Amino acid sequence: MTESDRPQPHVAVPLNGYWTEWSARAARNAAPGWAALVGEMAGLQDTFAAAAPPPEAVAEARSLVEQTRAVLARHEVGDDDQWFGRFLPAPDRGQTFSPPIRLTGITEHALAGKTMFGRFHSGNNSAAHGGGIALLFDDLFGRLVSVGDIPPARTASLSVNYRSVTPLDEPLAVEASVAEVDGRKLYLTGTLRHGDRLCADATALFLTLRPEQIRPAEAEAPPG
Ligand SMILES: CCCCC/C=C\C/C=C\C/C=C\C/C=C\CCCC(=O)SCCNC(=O)CCNC(=O)[C@H](O)C(C)(C)COP(=O)(O)OP(=O)(O)OC[C@H]1O[C@@H](n2cnc3c(N)ncnc32)[C@H](O)[C@@H]1OP(=O)(O)O
């Protein structure tokens, strides 16, 4: 293990006011144990992708997943009230869609962190799926544009260059920085590395939203 592979503490992004409220609302409302359930679901995705079970195990697993869905379906809410994806300070953001990013360095204009793709994000030949890599960059850039006082922003374009295969189950380093700001336009660049090897680099244009494009984050659902 090299020095850069050693576990380092995750540094939470200092969010702008909009996302702070959006995230705090989920944290206020979430049931104890939610974060552990998210971790279990992420593990399930990887285990599911890696399994080739016999018929009786397929039937048993399907029945258990059906039961889990039924439990959760009884508590469905609208997306304003969901918890999934809203724990912005956490490496996984409380979601299982894109891989967790453990941030290790943050400035107003740059982020650095560690990530890893598991079997769920496998493309072929033990390599990460290119769409998963684009997803990782979008998520990383989304975190970068939420640092400090930047108003909420959306991805307008994202371009990824796949330079070499991205391995699964290996520590990977990510970096992202703001290359240029031009009014509402934020031009971003990022890299994904396995050790010294560049796996992919990306550029993106994010546009900060006009006030009328932003939904209020603080609006609580009506009581009852
Ligand atoms: C939605 C989910 C959000 C999730 C949470 C995000 C952050 C959370 C906080 C913490 C971070 C944690 C994790 C991050 C997680 C996820 C981040 C994901 C981010 C996304 O995944 S987000 C979803 C994908 N994203 C969209 O769903 C966008 C759909 N789209 C639009 O909403 C509009 O399209 C918009 C608003 C982009 C622009 O619309 P608009 O009306 O405001 O602006 P307009 O068109 O007038 O353009 C103004 C000037 O930009 C130029 N321009 C526009 N588009 C361009 C392009 N593609 N290429 C080159 N130039 C372009 C024009 O040419 C003009 O240039 P000029 O001024 O020089 O003439």
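In each ligand, atom 1 is the first atom listed, and ligand 1 is the first ligand listed. Please read these numbers as outputs of a predicted model, since none were measured by experiment.
Taking all atoms of both residues into account, the shortest heavy-atom contact from Leu135 to His121 is CD2-NE2, 4.5 Å.
In terms of the side chain to side chain contact (heavy atoms under 4.5 Å, CB included) criterion, His129 has no residue partners (sequence neighbours excluded).
Distances below 4.0 Å separate heavy atoms of Arg143 from the following atoms of ligand 1: 11 (C), 12 (C), 13 (C), 14 (C). Less than 4.0 angstrom separates some heavy atom of Gln213 from each of these atoms of ligand 1: 36 (C), 40 (P), 41 (O), 42 (O). The ligand atoms of ligand 1 that sit less than 4.0 angstrom from a heavy atom of Leu88 are 9 (C), 10 (C), 12 (C). Of all atoms in ligand 1, numbered sequentially from 1 with element shown, those under 4.0 Å from a heavy atom of Gly142 are 11 (C), 14 (C), 17 (C). Each of the atoms 7 (C), 9 (C), 10 (C), 11 (C) of ligand 1 lies under 4.0 Å from some heavy atom of Ser146.
Closest protein heavy atom to atom 12 (C) of ligand 1: Arg93 CD, 3.4 Å.
For Asp182, the CG atom is densely surrounded, since the number of other residues' heavy atoms within 6.0 Å is greater than 12.
With a 4.0 Å heavy-atom cut-off, ligand 1 is reached by the backbone of Ala156 and by its side chain too.
Residue pairs that meet the ring pair (Phe, Tyr, Trp, His ring centres under 6.0 Å) test with at least one member in residues 172-211, sequence neighbours left out, do not exist here.
Around atom 37 (C) of ligand 1, the closest heavy atom drawn from Leu135, Asp139, Leu207 belongs to Leu207.
Distance remark: protein heavy atom not present below 4.0 angstrom from atom 1 (C) of ligand 1.
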